[in-house]
Amino acid sequence: MYITTTIPYVNARPHLGHALELVQADVLARHHRRRGEPVRFQTGTDDNSLKNVLAAEAEGVPVRELVDRNAAAFEGLRGPLDLSFDSFIRTSAHPGHRPGVERIWQATAHDLYTRHYEGLYCVGCEQFYPQGPCPDGHEAPLQPVSEVNWFFRLSRYRDALLDLIGGGRLRVEPAARRNEVLAFLRAGLDDISVSRSAARARGWGIPVPGDPGQVVYVWWDALANYVTALGGGDYERWWEREPRKVHLVGKGVIRFHAVYWPAMLLSPGLPLPSAIVVHDYLTANGRKISKSSGNAADPVALVDAYGVDAVRWWLLREVPRVGDADFTEARLVTRADEDLAGGLGNLVSRVAAMVCRFLDGHVPPPGEPPADVAEAVHEALADFDFRRAAGAVRRLVDEANKYVELTRPWQQDTAGRERSLGTLVHTCRALAVQLEPFLPTAAARVAAAVGGTRLSRPEPLFPRLSTPAVSGRRPGGSAGPG
RNA sequence: GGGGCGGUAGCUCAGCCGGUUAGAGCAUCGGACUCAUAAUCCGUGGGUCGUGGGUUCAAGUCCCACCCGCCCUACCA
């Protein structure tokens, strides 16, 4: 499976919304990898946006410097968020990108033509409007522009796209988003402008082949990254031969991915992606995420404060597929304490403690087949429903806790304890396996705590976040074994 | 203006092609247990399913209009 995120422009540092998409992609990648399927997970940055140029001008630093710095911040999410991407492409730096964009341009030449265009251009939106002001409220005034641009015959592909998406050959998930795309297609497609004057772009971007006065429209440029990043034999392997190619995108850029991009590929007859997975937006404390959101929307700051487990878990367990989700630190803490500390962590803790106390640490075989959620997790992830998948893991924890109350090992004889605790230990092991895509490092800790044939009493795997420190931390528990 | 999606218990949300007394988690309240991270388990209370019409033997679940929120898109005069 080939999994991609969108490549954000780097006029600012990454925020929690970027983290959401990256973590979702990471879960898919880890899930399919552990199933033994070949996976390539790719992300990166769009360096060629004019917004980057403007941000640099505003800061008074060279574009290159700003782009390099912010791109590094995006790539730097890998460690704090435990991301497992296989490649990180930067559109301004990847050696294969520019030639790739040029090749696609030439391969679509039969659908390209020039047309004189006049309009008002908003640099914030990177697009034209018939009138001002910019509907998104960008502050920079609209610039009157009159120039010759290259156009792409998008209109030609309407029926084919309707067919592909309507028929499910190209999935758009969730279904609500697919309906949206279909409605848009039915309304008809106009040809789109796919170049900008180089002068207006401050020379930033990829020149149109054979027309150095123009640069390739940044979206055309950016979308191409999904194939241009695949160098060497990777293109054949991951784009031509791989049947499952999944793009994760935000709801604001559906059209680019579900309409423009497939059309760009249809024109030269290249293979299409298999699925566009759309997530909605995050707000922070009820408001749109912006620089003023401060640490509440800074993924690295949140990881520093609460740990990667809590942050990933919140993103996966609490964000619905449709509808914006509001992030607050209180919700993150509640969710982590409930599910991770009180749920999974406490379960592992009590199970290990009972094995130590009642069975001298020896792990018995399962008394009965431990409940499993592998299928539920897999089905949910096949639907790209991350919350349902995480919920399935959580449900198994609940069932295991109920099983503890039901069997009450502390009231049993040895045989009963072995039956019950054997089942519980093996359930915890299954949990560690199922947790891995969601919380990879935590899953490893769980696996370590319940692995082997002899258990010891573990330290809390997930310390509570809401209690102010630990009341009276134990003065070192290293007095000896047992 | 057009299109799409949301508006279900205090909060966050499930409810597929219409069908028994509308569900879950959390929060509230009561109880149980003591293996565990003052964790866990059981039970209770709580809802005009945005508003108003309509179709139907039957609608949260279909149709129409309207209100609110979000996204995309476009402004006829």
Side-chain angles (χ1 to χ4, degrees), chain A residues 120 125 127-133 135-136 172 174-190 249-259 278-283 286-288 314 317-328 330-359 380 383 385 387-388 390-391 394-395 397-412 417 420-421 424 428 449 457-467 469-474:
Chain A
L120 292 168
C125 305
Q127 72 178 53
F128 287 93
Y129 292 102
Q131 282 183 20
D136 279 2
V172 179
R177 297 301 166 201
R178 189 191 57 171
N179 295 340
E180 194 175 319
V181 172
L182 290 173
F184 177 77
L185 288 170
R186 287 195 200 95
L189 294 178
D190 293 326
V249 310
K251 67 178 173 183
V253 294
I254 300 179
R255 250 187 33 253
F256 298 100
H257 287 82
V259 178
V278 185
H279 65 259
D280 282 9
Y281 292 155
L282 258 34
T283 55
R287 273 171 298 180
K288 189 168 177 169
W314 187 85
R317 179 75 208 288
E318 202 138 300
V319 175
R321 336 180 60 187
V322 176
D324 293 350
D326 186 45
F327 173 84
T328 67
R331 284 183 184 167
L332 174 139
V333 167
T334 300
R335 184 51 84 182
D337 280 352
E338 232 166 67
D339 287 0
L340 268 23
L344 178 57
N346 183 241
L347 173 70
V348 170
S349 184
R350 70 199 298 207
V351 168
M354 283 191 283
V355 169
C356 289
R357 181 190 292 207
F358 300 135
L359 302 175
D383 284 342
D385 190 338
R387 188 167 63 164
R388 203 172 91 218
R394 175 63 226 250
R395 210 165 309 117
V397 172
D398 287 341
E399 283 172 22
N401 269 320
K402 291 187 210 304
Y403 182 79
V404 173
E405 302 291 336
L406 182 73
T407 58
R408 301 176 155 269
W410 54 92
Q411 291 178 349
Q412 303 260 337
R417 286 170 173 167
S420 170
L421 292 173
L424 284 164
C428 288
R457 299 190 57 136
E459 288 297 300
L461 268 42
F462 303 95
R464 287 181 61 87
L465 299 178
S466 60
T467 44
V470 182
S471 59
R473 177 186 293 163
R474 289 194 203 88

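Chain letters run A, B, ... following the sequence lines, proteins first and then strands; every chain starts at 1.
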So A:Pro409, base contact, sugar-phosphate only, or nothing? Heavy-atom distance under 4.0 Å.
nothing
If the cut-off is 4.0 Å, is A:Lys288 near the phosphate of B:C70, judged by side-chain N/O to OP1 or OP2?
no
May I ask which nucleotide in the shown strands pairs with B:U21, Watson-Crick or G-U wobble, both distances under 3.5 Å?
none
Below 4.0 angstrom from OP1 or OP2 of B:A36, is there any side-chain N or O of A:Arg357?
yes
Mind checking salt bridge (charged side-chain N to carboxylate O under 4.0 Å, His left out) for A:Arg178 and listing every partner two or more places apart, or none if nothing turns up?
none
A:Arg335: which residues meet the salt bridge (charged side-chain N to carboxylate O under 4.0 Å, His left out) condition with it, sequence neighbours left out?
A:Glu318, A:Glu338, A:Asp339
On the nucleotide B:A36, are OP1 or OP2 found under 4.0 Å from the side-chain N or O atoms that A:Arg457 carries?
yes
In whole Å, what is the span from the CG atom of A:Asn401 to the C1' atom of B:G25?
15 Å
Nearest atoms (heavy-atom pairs only) where A:Asp337 meets A:Arg464
OD1-CA, 3.3 Å
Identify which nucleotide among B:A36, B:U37, B:C70 has an atom closest to any side-chain atom of A:Lys251, counting heavy atoms from C-beta outward.
B:C70
Rounded distance in Å - CZ (A:Arg388) to C1' (B:C13)
15 Å
Over how many whole Å does the gap from A:His257 atom NE2 to B:C72 atom C1' extend?
15 Å
Compare side-chain N and O positions of A:Arg464 against OP1 and OP2 of B:A39 and report whether any pair is under 4.0 Å apart.
yes
Report the residue (A:Arg335 or A:Glu318) whose heavy-atom-nearest nucleotide on RNA chain B is the more 5′ of the two.
A:Glu318
For A:His279, which residues count as a ring pair (Phe, Tyr, Trp, His ring centres under 6.0 Å) partner, sequence neighbours excluded?
none
Correct closest heavy-atom pair for A:Arg331 and A:Asp326 would be NH1-O, 2.9 Å
Whole Å only: how far is the CG atom of A:Asn346 from the P atom of B:U37?
7 Å
List the atom of A:Asp280, the atom of A:Gly323, and the distance in Å for their closest heavy-atom pair.
OD2-N, 2.5 Å
Taking NZ, NE, NH1 and NH2 as the nitrogens, is one of them in A:Asp398 or A:Arg394 under 4.0 Å from a carboxylate oxygen of the other?
yes
Paired with B:G60: which nucleotide, if any, by Watson-Crick or G-U wobble criteria at under 3.5 Å for both distances?
none
Between B:G45 and B:G10, how far apart are the P atoms? Round to whole Å, please.
15 Å
Tell me which nucleotide among B:U73, B:C35, B:U37 gets nearest to the side chain of A:Arg255.
B:U73
For nucleotides 29-33 of chain B, print each protein N/O atom paired with a nucleotide N/O atom at under 3.5 Å, atom names and distance only.
unit_1	atom_1	unit_2	atom_2	d
B:C33	O2'	A:Arg408	NH1	3.4

Gap in Å between the two C1' atoms, one belonging to B:G69 and one to B:U51, rounded:
15 Å
Rounded to whole Å, please give me the gap between CG in A:Asp337 and P in B:U37.
15 Å
How does protein contact run along nucleotides 3-11 of chain B, one letter per nucleotide 5' to 3', with B for base contact, S for sugar-phosphate only, - for none, heavy atoms under 4.0 Å?
SSS------
Which base, if any, makes a Watson-Crick or G-U wobble pair with B:C26, both distances under 3.5 Å?
B:G10
Report the distance from atom CD of A:Glu338 to atom P of B:A24, rounded to the nearest whole Å.
16 Å
If every non-hydrogen atom of A:Phe184 is compared with every non-hydrogen atom of A:Leu189, which pair is closest and at what distance?
CE2-CD2, 3.4 Å
Between CG of A:Leu185 and C1' of B:C72 the distance, given in whole Å, is 13 Å
Residue whose nearest RNA chain B nucleotide is more 5′ - A:Phe462 or A:Gly343:
A:Phe462
Mate of B:U44 across any strand shown (Watson-Crick or G-U wobble, both atom pairs under 3.5 Å) is none
Partner set under side chain to side chain contact (heavy atoms under 4.5 Å, CB included) for A:Pro458, not counting sequence neighbours:
A:Ala352, A:Ala449, A:Leu461
Using a heavy-atom cut-off of 4.0 Å across all strands, would you classify A:Leu461 as base, sugar-phosphate, or nothing?
base
Just name whichever nucleotide pairs with B:G69, Watson-Crick or G-U, keeping both distances under 3.5 Å, else none.
B:C5
Identify the two heavy atoms, one from A:Gly250 and one from A:Val278, that lie closest to each other, and give their separation to 0.1 Å.
C-CG1, 4.0 Å
To the nearest 0.5 Å, what is the distance between CG on A:Leu332 and CZ on A:Arg317?
13.0 Å
A:Arg321 CZ to B:A14 P, in whole Å, measures 10 Å
